[in-house]
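Here the structure comes first, spelled out in structure tokens, and everything after it is commentary.
First the proteins, then the strands, lettered A, B, ... as listed; each starts at 1. Note that the structure is predicted; figures quoted are calculated from it, not measured. Just so it is clear, the values below take in all heavy atoms, side chains as well, and ignore hydrogens, waters and symmetry mates.
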Amino acid sequence: MTAKIAYDEVEVGTELPPQTFPVRRDTLVRYAGASGDFNPIHWNERFAKEVGLPDVIAHGMFTMAEAVRVVTDWAGDPGALTEYGVRFTKPVVVPDDDEGALIEVSAKVAAKLEDRTVRVDLTAVSGGQKVLGMSRALVRLA
Amino acid sequence: MALDQSFVGRTYPPTEPYEVGREKIREFAEAIGDANPAYTDPDAAKALGHPDVIAPPTFAFAITFKAAGEVVQDPALGLDYSRVVHGDQKFAYERPVRAGDRLSVVSTIESIKSLAGNDVIDIRGEVRDESGEHVVTAHTKLVARAAEEG
């Protein structure tokens, strides 16, 4: 494990470079195939509306995968991650158009822990709503 | 409908090993749009100290969720799977999943609660490699929404 960020150079409050991740219908089809999650709420608008959703929604695990890229891109080595957890608070609604939806992710160092590990708190927003809560990653720095 | 509390603490037998392939990791990384070379280039992964390409952090879910699915679809548990949504997800890593791993999952039902008519079930999935070493533990909270009135 070789993170490119040094523990000593990081302070509580240090902001990680934010990123915005696009998600369109075809993104979800591809993710369904790669992950094996073929729940129709992620690709079938008729089914999604039948079960009370506003439209097709992204896989929660897709949103979770995107959000942590802010941490792994910053740390350099994805293997430096020691813990990562989220709560799925609101769905990412993905309309059937060329733009789809955006997931905007920001993150900052919330605590410096033992063993050169820091806790990073993440915020993920789509359509003006927080889509992840309690989103935290532990990462071991150099 | 209240779930059978006697399922709390129940542990299921290890799943058949899942062999992690380089091309499956590549497919997953492309699906999440993550171009980190540690996922696709063995030399880049080795430069970071990994013996082969590693998988993105959430890749393990595909393995643990399949194992959890067998647990929650146990008819004796009484969970209405059609009403289940994903509440929380957490991973605790010993090391990243990597190509060549043969991974097996042991699932345990940690708790069953009823909150505002919803059934809430916490499942722990411990993932071990072929030599029995711990790789990652997944904590999954599933919520079965209460059926609508009438």
Side-chain angles (χ1 to χ4, degrees), chain A residues 1-4 19 21-24 26-37 39-41 47 51-53 57-69 71-73 75-89 91 103 132-140, chain B residues 18 23-39 44-51 53-66 69 81-98 135-143 145 148:
Chain A
M1 316 302 152
T2 34
K4 68 184 181 193
Q19 295 190 53
F21 303 102
V23 46
R24 298 189 312 257
D26 63 317
T27 320
L28 298 181
V29 171
R30 180 181 279 231
Y31 182 78
S35 68
D37 183 345
N39 189 326
I41 60 174
F47 183 89
V51 296
L53 294 166
I57 63 169
H59 302 74
M61 290 306 299
F62 176 83
T63 304
M64 187 177 186
E66 297 307 303
V68 80
R69 288 170 60 188
V71 180
T72 54
D73 285 353
D77 181 2
L81 199 68
T82 59
E83 200 174 294
Y84 176 38
V86 305
R87 171 162 295 168
F88 301 107
T89 50
I103 303 168
L132 297 179
M134 306 281 290
S135 181
R136 294 170 172 183
L138 300 185
V139 57
R140 190 173 294 136
Chain B
Y18 174 100
E23 296 304 328
K24 186 65 196 179
I25 292 176
R26 178 191 300 276
E27 181 192 4
F28 188 87
E30 286 177 351
I32 60 171
D34 194 333
N36 194 315
Y39 304 142
K46 280 171 192 158
L48 294 170
H50 306 292
V53 292
I54 61 173
T58 60
F59 179 85
F61 186 78
I63 307 165
T64 60
F65 190 62
K66 189 157 178 277
Y81 197 61
S82 70
R83 308 199 66 82
V84 165
V85 295
H86 202 171
D88 296 13
Q89 181 61 38
K90 187 168 101 175
F91 300 98
Y93 304 95
E94 193 70 40
R95 66 164 174 84
V97 169
R98 60 190 179 228
V135 177
V136 55
T137 295
H139 300 269
T140 301
K141 185 187 292 290
L142 299 176
V143 180
R145 293 169 297 151
E148 280 120 23

Practice problem: Kindly determine whether His50(B) and Asp77(A) satisfy side-chain contact (heavy atoms from CB on, under 4.5 Å), including the steps that lead there. | Solution: CA-CA 10 Å; His50(B) 306 292; Asp77(A) 181 2; 2.9 Å; yes

Self-check item: Residue pairs involving residues 26-36 of chain A (criterion side chain to side chain donor-acceptor pair (under 3.5 Å); sequence neighbours excluded)
Solution: Arg24(A)-Asp26(A)

Self-check item: Contacting region of Phe62(A) [heavy-atom separation from chain B under 4.5 Å]
Solution: side chain

Quiz item: What residues form a side chain to side chain donor-acceptor pair (under 3.5 Å) with Lys24(B), not counting sequence neighbours?
Solution: Glu27(B)

Quiz item: Just how far is it from atom CZ of Phe91(B) to atom CG of Leu138(A), taken to the nearest 0.5 Å?
Solution: 14.0 Å

Practice problem: State, to 0.1 Å, how close Gln89(B) and Met64(A) come at their nearest heavy-atom pair, and which atoms those are. | Solution: O-CE, 3.5 Å

Self-check item: Nearest heavy-atom neighbours spanning Tyr93(B) and Glu83(A)
Solution: CD1-N, 3.8 Å

Quiz prompt | Side chain / backbone / both / neither for Phe65(B) at chain A, heavy atoms under 4.5 Å | solution = neither

Quiz item: Is the backbone of Ile32(B) close enough, under 3.5 Å, to the side chain of Arg69(A) for a donor and an acceptor to pair up by distance?
Solution: yes

Quiz item: Hey, which of Pro57(B), Ala29(B), Pro56(B) has the most heavy atom pairs under 4.5 Å with chain A?
Solution: Pro57(B)

Exercise. Would you mind checking which part of Ala47(B) comes under 4.5 Å of any heavy atom in chain A, side chain (CB onward), backbone (N, CA, C, O), both or neither?
Key: backbone

Practice problem: Against chain B, label Val68(A) side chain, backbone, both or neither, depending on which of its atoms sit under 4.5 Å from a heavy atom there. | Solution: side chain

Quiz item: If you take all heavy atoms of Gly79(A) and Ile54(B), which pair is closest and at what distance?
Solution: N-CD1, 3.8 Å

Self-check item: Minimum-distance pair of heavy atoms, taken over all atoms of Tyr84(A) and Thr58(B)
Solution: CE2-CG2, 4.2 Å

Quiz item: In terms of heavy-atom proximity below 4.5 Å to chain A, should Asn36(B) be classed as side chain, backbone, both, or neither?
Solution: side chain

